[in-house]
Amino acid sequence: MRERRSTTSRRNFLRASAGAAVGLGAARPLRGSPAVLRSGVAPVAIASGNGMEAVDTAFRLMSGGGDTLDAVVEGVNVVERDPDDTSVGFGGLPNLDGVVQLDSSVMHGPSRGAGAVACLEGIKTPSRVAADVMRHTDHVLLVGKGAQRFAVSMGHAVEDLLTDGSRRRWIEWRAKMSDTDDYLAPESPGRRIPPFEDDADRGAEILDSHDGVRPQGTINCNAVNRDGDLSGVTTTSGLAWKIPGRVGDSPIVGAGLYVDNDVGACGSTGRGEAVIKTCGSHSVIESMRSGMSPTDACLEALRRVVTFTTEARLRDAGGRPNFNVNYYAVNKRGEYGGAAIWSGARFAVCSDGESRREDSAYLFERGS
Ligand code: GLY
């Protein structure tokens, strides 16, 4: 099995390390005195590839003195409210029954706070509800109807989250499910619902399965401010056409998101089941705690996903996962990185006010 590191990512990573870790050196274990670590951090916001506006917003809010959690949540709200992003919030692709069910979690480094919601219906910005769970309850995770009732009690409006576009894609998918059921076949039999044109950029992952191409998108955004304080958020509509009630990694603290204010922040996109089984984001943080760079820590967690993928239905002819998982991580020094199982993924980053996409490191080259 070939393993490669993206040269672009490596170059950018070194540039980021050099710029952000003034006087600290790169990839040093994060066991030093907080008094030392809290000086000279260049603020950074990092997100999945569909998070260009998110990192831009988060960085701007942090630059104005805003709290890191407020910054990342405001950042992903832009994408959650965007009807054209079918991976999260309003316009997110629905479940098997045509119902949009949303998952989200937040973690606030300085207060060690966490909040999450799962299977939440009818609320455009589940990340804000997750933040409300953290701030206004003694709990961490609320699900389903209870989560929605809580959201309403906090002033969130219940709305129809299906757009004309997401409903059309669901109807097309339903029509392809079987040629023996009561749904009429689409006009062009055999036509596959096209994936997003720029999947790698949008963070949407494509899982080929018996019923065709299944979009699996999410947004994760993590940030560190000039004091070295960290926060993160992950929010998603989850796997398109999922079994009602299915919960992915995004609202699971330690899986789709983890923040330790002594170390860093990490989140994931891609096949949530694989991330849950490997406690993905938590394991990235633990690797960074022991001295790994963010990029290397992400790659190490992805190797564990590969090891845990034993099901024949989830492996390609070479025994490698036939799906993708992405991690995005930033440490307390402002060093950052992203990695995916398969090449071609990119992540969004904003440092020094400049938003851009960078190539993720990867384990396997597509087509190899
Ligand atoms: N990573 C998003 C999900 O699997 O639901």
Side-chain angles (χ1 to χ4, degrees), residues 47-51 54 76 79-80 85-89 91-96 99-107 116-121 126-127 130 141 143-144 147 161 166 195-196 199-200 202-209 213-222 232-258 265-284 298 301-302 304-305 308-309 311 313-314 321-329 338-342 345 347 360:
S48 41
N50 54 347
V76 299
V79 186
E80 287 176 322
D85 190 307
T86 54
S87 71
V88 296
L93 292 175
N95 66 16
L96 190 65
V99 177
V100 181
Q101 291 189 321
L102 304 172
D103 299 338
S104 180
S105 62
V106 301
M107 289 190 77
V117 289
C119 286
L120 176 64
E121 298 176 12
S127 62
L141 174 61
V143 306
L161 301 187
S166 58
F196 299 122
D199 290 298
R202 296 170 66 94
E205 297 306 327
I206 301 304
L207 176 69
D208 281 308
S209 64
V213 175
R214 298 182 69 184
Q216 188 163 25
T218 298
I219 181 167
N220 162 250
C221 185
N222 309 302
V233 56
T234 304
T235 178
T236 189
S237 52
L239 178 67
W241 338 131
K242 62 193 174 187
I243 296 172
R246 178 264 190 188
V247 173
D249 56 324
S250 304
I252 309 296
V253 169
L257 180 71
Y258 202 68
C266 176
S268 63
T269 62
R271 183 178 160 82
E273 285 75 6
V275 177
I276 293 172
K277 285 201 297 183
T278 52
C279 298
S281 295
H282 182 262
S283 77
V284 171
C298 292
L302 292 167
R304 197 164 301 172
V305 169
F308 270 65
T309 305
E311 304 92 331
R313 70 178 190 283
L314 297 176
N322 62 12
F323 56 85
N324 212 356
V325 168
N326 304 261
Y327 289 116
Y328 317 92
I341 295 175
W342 290 99
F347 61 91
S360 297

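Indexing begins at 1, ligand by ligand and atom by atom, following the structure's order. For the numbers below, each heavy atom of this structure counts, side chains included, while hydrogens, waters and symmetry mates do not.
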Using the side-chain contact (heavy atoms from CB on, under 4.5 Å) rule, take T218 and D249 through it: C-alpha gap first, then chi angles, then the decisive distance, then the call. CA-CA 10 Å; T218 298; D249 56 324; 5.6 Å; no

Determine yes or no for a side-chain-to-main-chain donor-acceptor pair under 3.5 angstrom, with [X] supplying the side chain and [Y] the backbone.
X	Y	result
N95	A240	no
W241	L93	no
N324	I341	yes

Please work out, at 4.0 Å between heavy atoms, whether the side chain, the backbone, both, or neither of R246 comes within that distance of ligand 1.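 R246 to ligand 1: side-chain contact only, backbone stays beyond 4.0 Å.
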
For ligand 1, is there an N or O atom under 3.5 Å from any N or O atom of [X]?
X	answer
T236	no
G248	no
G272	yes

Which of the atoms of ligand 1 are close to [X], meaning less than 4.0 Å from one of its heavy atoms?
X	result
T218	1 (N), 2 (C)
G270	1 (N), 2 (C), 3 (C), 4 (O)
G238	5 (O)

Go through it in stages, so that I can follow the logic: the residues are N220 and L257, the test is side-chain contact (heavy atoms from CB on, under 4.5 Å), and I'd like the CA-CA distance, side-chain angles, deciding distance and then a yes or no. CA-CA 8 Å; N220 162 250; L257 180 71; 3.8 Å; yes

contact_flag G256 ligand 1 heavy-atom lt 4.0 Å: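 For ligand 1, residue contact (heavy atoms, under 4.0 Å) with G256 is absent.
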
Hey, is R271 close enough to E311 for a salt bridge, meaning N to O under 4.0 Å?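 Looking at E311 together with R271, the answer is no, because their closest N to O distance does not fall below 4.0 Å.
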
